[in-house]
2 protein chains.
Amino acid sequence: MLSVTLRQLEYAVAVARNGGVTAAAQALNISQPALSVALSQLEAQLGKPLFLRRPRGPAVPTAFGRDFLEAAETQLASMARLMAGDAAPAAPVRLAVFEDLAPVILGPLLAALPADLPVTPGVLGFEAMTDGLGRGQIDLALTWDLGLPLSVTREEVARVKPHAVMGPRHRLALRAGVSLAELADVPLILADQGLSVGHMRALFARRGLAPRIAHRTATLELMRSFAANGLGVGLSYTAPVPGQSYDGAALVTRPVLDAGAGEPLVLAVARDNALSPAGERLARLIAARRGFLPKG
Amino acid sequence: MLSVTLRQLEYAVAVARNGGVTAAAQALNISQPALSVALSQLEAQLGKPLFLRRPRGPAVPTAFGRDFLEAAETQLASMARLMAGDAAPAAPVRLAVFEDLAPVILGPLLAALPADLPVTPGVLGFEAMTDGLGRGQIDLALTWDLGLPLSVTREEVARVKPHAVMGPRHRLALRAGVSLAELADVPLILADQGLSVGHMRALFARRGLAPRIAHRTATLELMRSFAANGLGVGLSYTAPVPGQSYDGAALVTRPVLDAGAGEPLVLAVARDNALSPAGERLARLIAARRGFLPKG
DNA sequence: TGTTCGAGATAGATAAATGCTATCAGTTAC
DNA sequence: GTAACTGATAGCATTTATCTATCTCGAACA
């Protein structure tokens, strides 16, 4: 248990700086006795005098005092830095990414981070994510805004459109984009991964459309394989990049153009959590969307 | 002006360590409200919460809190070190050596110092030395104890015998040592450098002897030259090493054997000065007399 | 050699802080 | 729903810091 106070150190340094107790007291806007007593207490705790009190001349630090005062000044400076908020040791920011988004987002995101911004990424399910946010195990979460509790604040970082996935010879593949109305006319393939089937269905229902769900697949990759093989048109928020499915068949993706069909991608923070400087920096970087997020 | 207190930091660190306000209060032997209030004040000053207060579970630091607490702990540790007396920045020890002693002592002394003991040597006259000690401009002084004021403490480091200096064919040169009584019978050569002529005369007077001072020289080297050329026997505390004088004539030195003729060489410190750790170390080294002092 | 002057130390009073007891409020666990 | 526990709040007591007034002690000056 330390018995010294920062005030005592400040006073002692002021005495050295001002060359005397009286002058220092004036500079500090306190009375001379207050400073005299404080200095005496500090010296008593140290067991050695810090200054040679010589009438007339300036108060000269003792040999011990010179070392001590220099160190004290350094201490005070770093203490001031600490209180100013820029604590030197930057613990890694713990960033959670919703598991369905992670394969698309996390790689480019981590690759784009500056070297001096340590991040511990985690890929979590929705429940684990909200739980971790509440428990303070996660600093930032990047996810769809699906039923996040009120105790977390959200900032929309991007709005991601759903994409239709199909073989290159599908008739809708000729178009630059498709509409929900057009999709309602074709057999759809939905994956149980990612945003729920119910979510997709609601998208159509808001426009009075009734989609025909021909297949429900367990994984997104299976959905892409089905679509590539002409079993219907896949629908997905993630994986908008064309190419081919795992079985080698070619695939194209076409954005759904309907206004309001975009799903907001949010950066979530627990409301009563306070981000570290590094955390704030990461949040700003993500909000600035430096190319690692899927294009809306 | 810092408004944070070390106590607040200690409390905050304790909360983190003990996983909660109540547990930390017990560990610190203070009441829970006292700790709660102190923590709130600290958080108010920071403008951000340090902990997520979640009932039941352990108090988890916020992301900001993690960085802050780690830095605070580091700060507290170095503050404790500061108060323990081992301040890191070791200012050079300012060592003054009496000007007549310096040519004999200072070189070997500095050469024998360890590399991590910074010393700023100064060669001063007696008055400048006592003055500097009093003003705190000098930490340690190595000198004869000739009228040092009461305000300096002295520690005898060595007792240096006077030496007779003569040519190798002088009859006293046959002896291993000489006595003051013998010296009283031969023409003496005294230098105005070093201990005063009055001091030498007093040495004889205490034994009821009246020395015959044939020559007084301005410098020690001139005295050695006179002695080498047979003009008398030199008497000196310093330069006991034989060899030859500047003019090339051979010289021998013979110690004065009389008990009580030794002159104490003292290490002086201003009484109200406090040595730095480095200063203490230098003082111990000098007191241990590691070969850089003239043999008694 | 006394006198004056100024810097720091001391004493007593007052204000501010720190801490304690008692109590309240909000959650979790049963 | 209730018990149990954690942290927050309120009011009071104690300690600590600071103030004004005064004292002491050297040094500078005549």
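Numbers restart at 1 for each chain; the letters A, B, ... are given by sequence-line order, proteins then strands.
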TODO: Please state how far atom CZ in B:Arg271 lies from atom C1' in D:dG26, giving the value in whole angstrom units.
DONE: 17 Å
Task: Salt bridge flag under 4.0 Å for residues A:Glu43 and A:Arg53 - done: yes
Task: side-chain N/O B:Thr22 vs D:dG7 OP1/OP2, d < 4.0 Å - done: yes
- [ ] Provide, to the nearest angstrom, the distance between the CG atom belonging to A:Leu6 and the C1' atom belonging to D:dA17.
- [x] 15 Å
TODO: Might you point out which heavy atoms bring B:Arg281 and B:Asp116 nearest each other, and give the distance in Å?
DONE: NH2-OD1, 3.0 Å
Open item on the list: Check B:Lys48 with A:Asp272, please: is the shortest side-chain N to carboxylate O separation under 4.0 Å?
Closed with: no
TODO: Please report, rounded to the nearest Å, how far the P atom of C:dT18 is from the CD atom of B:Gln8.
DONE: 7 Å
TODO: Return the value, rounded to whole Å, for the distance between atom CG of B:Leu39 and atom C1' of D:dT6.
DONE: 13 Å
Open item on the list: As a test of reading the structure: which of C:dT18, C:dG8, D:dT9 is closest to the side chain of B:Ser36, going by heavy atoms?
Closed with: D:dT9
Task: Nucleotide D:dG7, atom P - distance to CG of B:Leu52 in whole Å - done: 12 Å
Task: From D:dA8, C:dT10, D:dA17, nucleotide with atom closest to A:Val37 side chain - done: C:dT10
Open item on the list: Distance check needed: D:dA8 P versus B:Leu42 CG, whole Å only.
Closed with: 13 Å
- [ ] With the side chain counted from C-beta on, respond yes when B:Leu35 and B:Leu28 share a heavy-atom pair under 4.5 Å apart, and no when they do not.
- [x] yes
- [ ] Find the distance A:Gln45:CD to D:dT16:C1' and express it as a whole number of Å.
- [x] 13 Å
Open item on the list: If the cut-off is 4.0 Å, is A:Arg7 near the phosphate of D:dA17, judged by side-chain N/O to OP1 or OP2?
Closed with: no
Task: Nucleic acid contacts of residues 25-33 of chain A, taken as heavy-atom distances under 4.0 Å to DNA chain C - done: A:Gln32, A:Pro33
Open item on the list: Quick check for you: to the nearest 0.5 Å, what is the distance between B:Ile286 atom CD1 and B:Leu267 atom CG?
Closed with: 5.0 Å
TODO: Between B:Glu43 and A:Tyr11, name the one whose nearest nucleotide on DNA chain D is closer to the 5' end.
DONE: B:Glu43
Open item on the list: Minimum heavy-atom separation for B:Val4 and B:Leu42, please, with both atom names.
Closed with: CG2-CD1, 3.7 Å
Open item on the list: Students often get this wrong, so: under 4.0 angstrom with heavy atoms, is B:Phe51 touching a base, only sugar-phosphate, or nothing?
Closed with: nothing
Open item on the list: Using whole Å, what does the distance between atom P of nucleotide D:dA17 and atom CG of A:Leu35 come to?
Closed with: 13 Å
- [ ] Give a yes or no on whether the ring-centroid distance for A:Tyr237 and A:Trp144 is below 6.0 angstrom.
- [x] yes
